[in-house]
Amino acid sequence: MTMSDLAEALDTSHQQVQKYETGANRISASVLYAIALKLVYPVEAFFVFPPDPDTERVFRLLAKMHRFLDGLSESDLAMASVGLEALHK
């Protein structure tokens, strides 16, 4: 997701998102929550210092999986679901 994509999803400007990123503007809890939802990233991950490499990898993998699944058609998603259920048994 680009900064412009995030800005559009948040209904704000690219410049505003850039100011959040650089720390020029403070970010409210509600905006931080909205960003986490759009990025498919847990809010608490923004508060882990220093970031744990293993946790970071898991979050990135989950975000990639979400983007992949989000791009599937309904029928492909249904087939994937059936396949995953079969693996679980």
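It should be emphasised that the depicted structure is a prediction, and the values quoted were computed from it without experimental measurement. Worth knowing before you read on, the calculation uses all heavy atoms, side chains too, and leaves out hydrogens, waters and symmetry mates.
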V17 and T12: side-chain contact (heavy atoms from CB on, under 4.5 Å), yes or no, with the steps? CA-CA 7 Å; V17 173; T12 191; 3.8 Å; yes
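Applying the side-chain contact (heavy atoms from CB on, under 4.5 Å) criterion to A36, with sequence neighbours excluded, gives V43, F46. For Q18, the side chain to side chain donor-acceptor pair (under 3.5 Å) criterion is met by no residue, not counting sequence neighbours. Under the rule for a side-chain contact (heavy atoms from CB on, under 4.5 Å), the partners of A24 that lie at least two apart in sequence or sit in another chain are K19, T22.
Linking Ile, Leu, Val, Met, Phe, Trp and Tyr residues whenever their side-chain heavy atoms come within less than 4.5 Å places I27 and F47 in a single cluster. The same ILVMFWY cluster, assembled from side-chain heavy atoms under 4.5 Å apart, contains both Y20 and L37.
Within the structure, the salt bridge (charged side-chain N to carboxylate O under 4.0 Å, His left out) test picks out the following pairs touching residues 57-80 (sequence neighbours left out): D54-R57, E56-R60. Applying the side-chain hydrogen bond (donor to acceptor under 3.5 Å, both in side chains) test to pairs two or more places apart or on separate chains, those with a residue in residues 23-33 are Q16-N25, S28-S30.
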Review item, side-chain donor-acceptor pairs of residues 2-9, under 3.5 Å, at least two apart:
unit_1, atom_1, unit_2, atom_2, d
T2, OG1, S4, N, 3.4
T2, OG1, D5, N, 3.0
T2, OG1, D5, OD1, 3.4
T2, OG1, D5, OD2, 3.1
D5, OD2, T2, N, 3.2

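Environment of NE2 in H66: sparse, with no more than 12 heavy atoms of neighbouring residues, nucleotides or ligands closer than 6.0 Å.
Apart from F68 itself, the hydrophobic cluster it occupies contains L69, L72, L77, where clustering links Ile, Leu, Val, Met, Phe, Trp and Tyr at side-chain heavy-atom distances under 4.5 Å.
L39 approaches A63 most closely through the heavy-atom pair O-CB, 4.0 Å.
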